[in-house]
Structures are given as C-alpha cells and as structure tokens.
Amino acid sequence: MAEADLLAARREKLLRLRDQGVNPYPYSYARTHTVAEVRAAFGSLGPHQRTGTRVRLAGRLVALRRMGRAAFGNVLDRSGRIQIYASTDVLGSELYERFVDLDLGDIVGVAGEPFTTKTGELTVDVGEFTLLAKSLRPLPEKWHGLKDVETRYRQRALDFIANDAARRAVEVRALVLRSCRSYLDAQGFLEVETPILQPIYGGASARPFVTHHNVLGRDLYLRVAPELYLKRLLVGGLEKVYEIGRNFRNEGISSMHNPEFTALEAYEAFGDYERAMELAEGIVEACALAVAGTTRLTYQERELDVTPPWRRASLLDLVAEGSGCDVEKPLPELVAEIEHRGLPLPPPLRNGPKGKVIEHLLETCVQDSLWNPTFVLDFPLDISPLAKRKRGRDDLVERFELYVTGREVANAFSELNDPDDQRERFAMQEALRAGGDSEAQPLDEDFLRDLELGMPPAAGIGFGLDRLIMVFADMPSIREVLAFPPLR
RNA sequence: GGGUCGUUAGCUCAGUCGGUAGAGCACCGGCCUUUUAAGCCGGGAGUCGCAGGUUCGAUUCCUGCACGACCCA
C-alpha cells in the first residue's frame with residue numbers, strides 16, 4: 001500500500017476511536033513493572049505455570065499475531081520486550097475486538113497475570129489494556145528492521161524503536177559518563193564548568209567555530225578545549241578538577257571525528273604524567289566494569305583486554321620500529337629517508353615542524369597496531385606547547401597519548417607551569433601560524449598572567465569520550481554513539 | 001577535495017543484455033484459542049533519487065546534480 005494510504009488508514013482509525021469515546025492520548029498510566037522487572041520476578045518458571053499475580057506494563061506494541069479468538073503480541077519498553085496474550089476467554093468478545101484493532105507501534109498499557117506458555121515463554125495474560133498513544137505511522141519491517149543508514153540517522157527515533165543496538169549505544173554512553181564521574185568524584189575531584197563561548201580559544205591545535213555576541217558586539221569562539229580555564233582553576237587553588245562537556249573543532253566528519261564531541265579533562269595538582277597514567281587506567285577500568293562487568297572485552301569481534309597496567313612505549317621507539325626510519329636525524333634527512341622508503345608524506349609536512357612528521361609516522365606506520373591500551377610516551381616539544389619538557393631531553397615533553405583499538409582516545413601531560421617557558425611556546429605557535437598553520441594555538445595573555453601567579457605542578461589528561469564509548473558500545477563509527485549524528 | 005560503490009512499494013531486497021517491474025514483511029478482507037519471522041485463502045499498493053542526453057522507446061545506457069557508505073588527502 002502506498003504510504004499515503006497507510007497513513008490515511010491510521011487516521012481513520014484514530015477518528016473511529018474518538019467516535020467511540022476513547023481518548024487516544026491519555027495523560028498517564030500507573031505502571032507497576034518494567035519488562036525487566038517482570039522477568040526478574042517470574043523469569044525462572046517452567047512451562048505452563050500461572051503466577052496468580054497481576055502486573056501493569058506499558059510500552060510499544062511491536063508485534064501482533066491473531067488466531068481467531070486469541071492473539072499473541074509483543075510489547076517493548078525501555079528494558080526489553082515481552083510477549084502478551086489476549087483471548088476472548090478473559091476479555092470477552094467486545095474488548096478482544098478492540099485489542100486486536102490496535103496497530104503496530106501503538107503505545108499501550110496492559111494489566112494482567114504473568115504466566116508461561118507450553119514452550120515456557122513468560123507471557124502476560126491481558127486482563128485490561130489502555131491505549132496510551134496512537135501511532136499514526138507504520139513501523140519498519142519486523143525481521144530485518146530498519147537498516148538504511150541514512151534513514152536511521154535522519155529518523156533516529158524510528159531507529160531507536162527498531163534497533164536494540166542503537167538504544168544500547170545511548171545506554172552505554174550514560175554508563176561511561178556516570179563511571180567517569182563516580183571514579184573522579186571518589187578520587188576527590190571537583191566537577192566544574194568553564195566557558196564554551198570564549199574570547200580567545202586555546203588548549204588544542206584545531207580550527208575553531210566562530211560566533212557573534214550581539215550585545216557585546218564581538219565575535220566569540222566555541223571552545224576547542226577547556227584546558228586553559230581548568231588550569232586557571234589550579235592556579236586558584238582548586239587542585240583537583242574535571243570537566244565533561246562538548247568541544248567544537250571546525251573540521252571534517254568521519255567515522256572517528258565529529259565537529260562537536262564530548263571531552264573529559266581532569267587536572268590534579270602535584271602530580272605529573274605518571275599520575276595521569278594511573279587516572280587513565282582507573283577511569284577506563286571503571287567504565288569497563290560498569291558496562292561489561294569485566295575488563296576483558298570484545299571489540300568488533302576481536303578480543304580487547306583493558307586490564308591495567310597497560311603497555312608503555314616511547315613514541316620515538318615505536319615510530320623508529322614501525323617506519324624503519326632513524327627519527328633522531330635532522331628534519332631534512334628524515335624527510336629524505338621517508339621518501340626514499342616510499343612512505344606517504346603530505347607535501348606541507350616536509351617543511352616541518354619535525355614533530356608533525358613524527359606524529360604523521362605514528363598515524364601511518366604504528367597506530368593501527370596499538371590494539372590493547374598503550375601509552376605512547378614523550379612527544380616532540382614543537383607540537384606540544386602546553387606540556388613540560390621531559391626530564392633529560394630538551395626536544396621532548398612529558399606527554400602521552402593513549403591508544404585503544406588503534407585509535408587515540410586520550411592525551412595527557414605533565415602540565416607546563418613555567419610562565420616564561422609558556423610564553424616562548426606560544427611564540428613558537430605564533431610563528432607556525434605566520435607560516436600558514438591554521439591550527440596553531442593563539443597566545444592568551446590572561447592565561448599567562450594567571451600562570452605568573454604560580455600554578456602547582458600538575459597532571460592533566462583529556463579523553464575523547466565518544467571514542468571511548470565506541471569501544472564499550474562495540475560500534476565502528478562515532479555516529480553510532482551520538483544520539484543525533486550530524487546530517488548534511 | 002579525489003576515488004569506488006550505492007539510491008526500485010511504508011520496510012528488507014530481487015529484477016529489467018533498452019519494450020514503464022516482482023517477492024517477503026507491513027497494510028486491507030476472510031478463516032483460525034499456545035503463537036512467537038504464526039499459518040492458510042484473497043486483495044490493493046511504485047514519478048525505479050533528481051535533471052538533462054542518446055533512442056521509435058530509458059527504471060535500465062551516457063552526463064551532471066543531490067544524498068549516503070567505504071577508502072584516500
């Protein structure tokens with residue numbers, strides 16, 4: 001039937017119900033049990049058992065199998081789906097006819113006795129039912145469901161009705177956020193909120209979105225990271241702070257990138273990046289236990305073990321091993337060797353900075369192999385303007401990136417707190433910007449002034465939570481873990 | 001930005017070496033009191049993504065565009 005006819009048929013039924021005095025959109029329903037609660041209470045019965053009790057369920061009617069004067073259906077609520085049974089024996093013929101006149105997709109309340117069928121399936125024998133919301137549109141196919149990716153993303157509510165995995169991803173996000181908060185709260189951290197609209201952006205190498213404040217008459221940036229504000233809280237003596245919120249980076253969309261993404265940043269005074277590693281292990285372990293009950297997971301049909309402690313490897317060692325290149329060479333010689341070996345190198349990188357070349361080698365020759373959690377340690381100073389120099393190496397900083405399933409999920413430093421060094425780093429960034437690097441970080445005088453007050457040495461870490469959620473939700477694309485993915 | 005693939009009924013998909021299209025589910029009617037992708041009988045349902053081109057004729061071939069997926073930058 002054409003879609004218009006399907007819609008018209010439901011509209012006619014809606015009118016008919018109103019004529020019969022039925023309110024198709026009543027105000028509330030006193031539910032006593034979710035589906036999961038019914039299963040928890042009665043799930044262990046053998047076949048052909050009655051319970052002698054009555055439950056009130058509410059949810060969406062997602063299947064209806066008529067057999068003359070009896071029918072089976074399925075009701076789906078937040079916690080799952082359960083079979084229901086309706087018969088003229090219990091309802092009488094008039095109510096029964098009304099029951100089987102329900103449409104797939106209708107939201108209903110049903111009250112009745114849980115029992116088990118001859119096959120042992122837990123079923124609710126409907127004694128009363130109430131239409132709670134008439135559905136005026138057809139549902140996707142019951143067996144194959146809704147598969148078309150474009151429709152799934154454009155009509156996400158329909159996707160959540162039809163696909164359990166889509167709903168599960170929303171739940172996993174909530175579990176991950178809750179676990180991060182519980183872990184950090186238990187460690188004595190304070191959850192804070194810092195500006196999203198910023199007069200100067202900073203804290204990450206990225207191009208910003210620009211917006212405009214009419215009353216102030218000035219442009220503002222959507223933050224690319226909360227880092228500089230969180231550090232100013234450290235200066236202010238808050239000592240252990242974290243923020244969970246949206247960052248915005250003006251870049252493309254891919255299976256790993258979304259222009260707005262959820263970040264967790266945590267800063268702890270008096271620690272260094274060793275402490276940040278402990279935090280990373282603790283946070284991920286807590287999430288794994290909350291979502292899966294174990295730290296031995298499966299991601300995309302491959303085993304993934306996130307049990308701490310994790311592998312630690314130096315960036316330069318990994319890159320040297322993965323690319324075969326001598327990364328201690330000066331930039332021109334390194335570029336020559338890369339090209340001699342036939343490795344890809346985007347032309348703009350040939351002029352450096354050298355750190356970007358090494359980072360590129362990490363991405364192209366190493367990262368895919370970093371499946372179980374791996375701390376990649378000690379980054380080049382020239383691409384790390386907010387991190388403290390590595391003890392004993394002037395060209396490196398105490399910084400790590402955490403890789404899981406071949407993807408970067410976190411980035412952490414021993415935070416730079418020497419205001420004069422920080423000013424020099426900003427100057428290096430300004431020079432890069434002058435050289436055409438649109439992602440270089442702008443100098444922030446207010447931040448420097450606060451650093452001059454004295455910021456305690458500190459561990460700092462930032463997680464891309466969407467990517468972490470992908471791991472725990474076993475999803476291959478960031479769009480699958482966004483309730484409403486971006487659309488063109 | 002580049003390459004490859006895709007877009008057919010509400011949904012999931014076939015198909016047409018160029019002659020305006022099919023199935024299952026869903027929907028409508030009938031039968032059916034333990035089904036669970038229920039079953040049986042019957043029925044209706046399509047601008048074949050959009051716009052051009054070639055052709056007697058295009059859903060099919062060609063070009064462009066839109067949207068999407070994957071890969072590359």
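Since the structure is predicted, the reported quantities are computational estimates derived from the model, not experimental observations. Chain letters run A, B, ... following the sequence lines, proteins first and then strands; every chain starts at 1.
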Fill in: With A:R65 via salt bridge (charged side-chain N to carboxylate O under 4.0 Å, His left out) - residues at least two apart
none
Practice prompt. Output yes when A:K13 and A:D103 qualify as a salt bridge under the 4.0 Å nitrogen-oxygen rule, no when they do not.
Written response: yes
Discussion item. Suppose you measure atom C1' in B:A26 against the same atom in B:A73; what distance do you get, rounded to whole Å?
Written reply: 44 Å
Discussion item. Tell me whether the side-chain N or O atoms of A:T119 pair up with the base of B:U36 as donor and acceptor below 3.5 Å, since no angle test is needed here.
Written reply: yes
Worksheet item: For B:A9, which nucleotide is its Watson-Crick or G-U wobble mate, given both distances must be under 3.5 Å?
Response: none
Worksheet item: From the list B:U12, B:C28, B:G10, which nucleotide is the closest neighbour of the side chain of A:K147?
Response: B:U12
Discussion item. Measuring only the C1' atom in each nucleotide, how far is B:G42 from B:G49? A whole number of Å is fine.
Written reply: 34 Å
Discussion item. Taking the C1' atom in each of B:G46 and B:A9, what is the distance between them to the nearest angstrom?
Written reply: 5 Å
Worksheet item: Using a heavy-atom distance cut-off of less than 4.0 Å, which residues of residues 82-91 of chain A contact RNA chain B?
Response: A:Q83, A:Y85, A:T88, A:D89
Fill in: P spacing across the pair B:G30 / B:U8, given as an integer number of angstrom
33 Å
Worksheet, complete the sentence: Its contact letters, B for base, S for sugar-phosphate only and - for none at protein heavy atoms under 4.0 Å, make nucleotides 68-73 of chain B read SS----
Worksheet item: Looking at residues at least two apart in the chain, or sitting in another chain, which of them share a ring-ring contact (aromatic ring centres under 6.0 Å, His included) with A:F72?
Response: A:Y85
Fill in: Side-chain donor/acceptor contact of A:T117 with base of B:U35 under 3.5 Å
yes
Worksheet, complete the sentence: Ordered by number, residues from residues 64-75 of chain A within less than 4.0 Å of RNA chain B (heavy atoms) are A:R65, A:R66, A:M67, A:G68, A:R69, A:A70, A:F72
List the atom pairs, with distances to 0.1 Å, where a side-chain N or O of residues 468-475 of chain A and a protein N or O form a donor-acceptor pair under 3.5 Å, not counting sequence neighbours.
residue: A:D474; atom: OD1; partner: A:Q300; partner atom: N; Å: 2.5
residue: A:D474; atom: OD1; partner: A:Q300; partner atom: NE2; Å: 3.0

Practice prompt. Sort out the partner of B:C65 for me: Watson-Crick or G-U wobble, both distances under 3.5 Å, none otherwise.
Written response: B:G49
Worksheet item: On a whole-Å scale, what distance lies between the C1' atoms belonging to B:C13 and B:A51?
Response: 27 Å
